[in-house]
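When reading the values below, keep in mind they use all heavy atoms of this one structure, side chains included, and skip hydrogens, waters and symmetry mates. Counting starts at 1 for both ligands and their atoms, following the listed order.
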Amino acid sequence: MVDLVSQYEKIKPSIDAAIQDVITKAQFINGPEVQGFQEELENYLQVKHVIPCANGTDALQMAMMGLGLQPGDEVITPSFTYIATTEVIALLGLTPIFVEVDPLSFCIDPNAVKAAITPKTKAIVPVHLYGQAANMEAIMSIADEHELFVIEDNAQAIGCDYRYTTGARVKTGTIGHVGCTSFFPSKNLGCYGDGGAMMTNDDQLAQTLRRIANHGQTKRYYHDTVGCNSRLDSLQAAVLRVKLRQLDSYIDARQNLANAYDEAFAGLAGVSIPVRSNHSNHVFHQYTLQVPPQSRDALQTFLNDKEIPSMIYYPIPAHRQKMFASFDLASTNLSVTDFLTERVISLPMHTEMQPDQLAYICSTVQSFF
Ligand SMILES: *Cc1c(COP(=O)(O)O)cnc(C)c1O
């Protein structure tokens with residue numbers, strides 16, 4: 001699905017030097033690389049504060065802690081997402097309220113959010129799924145009206161440009177009260193292990209999030225609140241500094257690949273290519289087709305036999321996971337989510353696709369249909 005080896009080969013001298021430098025200086029935890037990366041990412045995203053942490057799941061958890069969400073509070077989230085988004089809600093004793101996604105963008109449906117609000121609702125977690133943005137303008141206006149927090153799950157969309165109806169552009173992850181991202185190796189900005197970050201423009205909240213990520217510590221060995229040990233290590237920060245400089249060209253490569261796929265698959269009967277949203281550009285963390293449910297397994301087997309990887313993101317939506325069996329989900333009826341779950345299939349998407357590989361994937365998919 002990705003080719004991180006070829007990608008590394010192209011930036012090997014810079015990466016190797018950066019890693020060697022960390023080891024030579026032995027500043028493995030909170031070294032200058034972490035501070036440097038934080039500032040460079042703030043600058044890239046045009047956001048006041050980036051708080052690096054250990055992974056994207058921690059980022060989501062700590063965002064909810066930092067906003068003061070309390071057990072029993074309801075958090076509105078799409079069911080059609082990676083499990084981490086929803087898992088941390090339950091982990092903190094909050095109540096996940098699973099809502100529908102928009103069938104075209106795969107992102108949370110603002111009308112469904114509105115309909116799910118109760119007096120217990122405290123937050124909304126839009127997910128910028130596959131690399132394009134949820135309708136943040138609508139979500140922020142609902143949040144304003146009902147005094148709710150918005151936590152953006154930007155793990156799949158770092159670098160994505162949100163477009164306001166006025167034409168103004170900002171990076172996704174900087175619009176809600178907190179944005180969360182992941183630097184898992186296969187993400188658009190991936191390190192060589194686990195990593196993550198929170199983003200916010202709120203000075204006070206940034207301080208709180210930083211404290212939570214560091215054992216609730218205000219001053220060395222003074223712990224004011226219960227926190228976590230969630231740090232981005234210096235080696236990963238050093239890798240990320242090199243890769244952040246490539247992020248825009250990596251996004252270009254993904255978009256070019258998506259355009260080529262679009263051209264190859266647009267005319268295939270029964271196949272839907274990804275819809276490009278009006279709310280943002282698409283940074284193509286995933287390139288996801290919809291195919292008739294009765295042929296999806298056969299397509300996957302066919303591709304597999306021809307040594308072409310493919311993935312189903314995600315075969316079981318959150319509201320159908322056993323993890324949430326203790327919640328009352330009897331009235332949760334998400335027909336769009338179920339519809340998409342049966343139809344989606346993602347193809348290899350990365351920065352290093354060679355023309356012969358692309359041609360082979362395209363002709364193989366075409367020959368199946
Ligand atoms: C990857 C991902 C996460 C979790 O990130 P980790 O760094 O793996 O913990 C959360 N949400 C979404 C949508 C993701 O794709």
Side-chain angles (χ1 to χ4, degrees), residues 1-2 4 37 41 50-65 75-92 96 98-99 101-102 105-108 123-134 136 139 150-160 172-173 175-176 178-199 209 213 228-233 235-237 239-240 243 254 280 282-288 311-319 321 323 337 340-341 344 346 349-350:
M1 293 297 285
V2 297
L4 296 175
F37 171 63
L41 188 58
V50 164
I51 301 103
C53 64
N55 57 68
T57 310
D58 275 9
L60 289 158
Q61 179 189 326
M62 293 190 292
M64 291 176 200
M65 291 168 72
V75 179
I76 298 175
T77 170
S79 177
F80 194 65
T81 180
Y82 180 55
I83 198 67
T85 319
T86 57
E87 180 183 31
V88 296
I89 299 172
L91 183 71
L92 292 173
F98 298 109
V99 302
V101 290
D102 169 68
S105 71
F106 307 106
C107 292
I108 197 166
I124 309 167
V125 187
V127 181
H128 304 311
L129 201 74
Y130 300 154
Q132 72 185 343
M136 288 304 294
I139 289 159
V150 175
I151 300 163
E152 293 177 76
D153 184 341
N154 199 35
Q156 300 191 0
I158 194 154
C160 176
T172 54
I175 303 165
V178 190
C180 297
T181 203
S182 163
F183 306 121
F184 187 83
S186 61
K187 298 283 155 91
N188 286 21
L189 177 61
C191 58
Y192 294 165
D194 273 310
M198 297 168 279
M199 287 82 78
L209 295 172
C228 306
N229 171 14
S230 187
R231 294 180 284 237
L232 179 69
D233 71 63
L235 282 169
Q236 301 306 340
V239 169
L240 287 165
K243 290 186 72 174
R254 288 173 178 276
S280 73
H282 200 322
V283 296
F284 285 100
H285 176 58
Q286 298 300 343
Y287 183 89
T288 304
M311 290 290 282
I312 310 302
Y313 300 116
Y314 296 93
I316 303 175
H319 75 288
Q321 296 284 355
M323 178 191 279
T337 295
L340 294 176
T341 300
V344 290
S346 301
M349 169 49 73
H350 56 80

- Item | Close side-chain approach of Tyr192 to Leu4, heavy-atom, < 4.5 Å |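 Answer no - side chains too far apart.
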- Task: May I ask you to test the Leu240-Leu41 pair for a side-chain heavy-atom distance under 4.5 Å?
- Result: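 They are not in side-chain contact.
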For ligand 1, find each of its N or O atoms that sits under 3.5 Å from a protein N or O atom, and tabulate the pairs with distances to one decimal place.
| unit_1 | atom_1 | unit_2 | atom_2 | d |
| --- | --- | --- | --- | --- |
| ligand 1 | 5 (O) | Ser182 | OG | 3.3 |
| ligand 1 | 7 (O) | Gly56 | N | 2.8 |
| ligand 1 | 7 (O) | Ser182 | OG | 2.6 |
| ligand 1 | 9 (O) | Gly56 | N | 3.3 |
| ligand 1 | 9 (O) | Thr57 | N | 2.8 |
| ligand 1 | 9 (O) | Thr57 | OG1 | 2.5 |
| ligand 1 | 11 (N) | Asp153 | OD1 | 3.3 |
| ligand 1 | 11 (N) | Asp153 | OD2 | 2.7 |
| ligand 1 | 15 (O) | Gln156 | NE2 | 2.9 |
| ligand 1 | 15 (O) | Lys187 | NZ | 3.1 |

Test side chain to side chain contact (heavy atoms under 4.5 Å, CB included) applied to [X] - qualifying residues, sequence neighbours left out:
| X | value |
| --- | --- |
| Phe184 | Ser182, Ser186, Lys187, Asp194 |
| Thr341 | Phe80, Pro317, Thr337 |
| Met1 | Gln286, Pro309, Met311, Tyr313, Ser346, Pro348 |

- Message: Any side-chain to backbone donor/acceptor pair from Glu152 onto Val127? Under 3.5 Å, distance only.
- Response: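 Pair absent, no side-chain N/O of Glu152 close to backbone of Val127.
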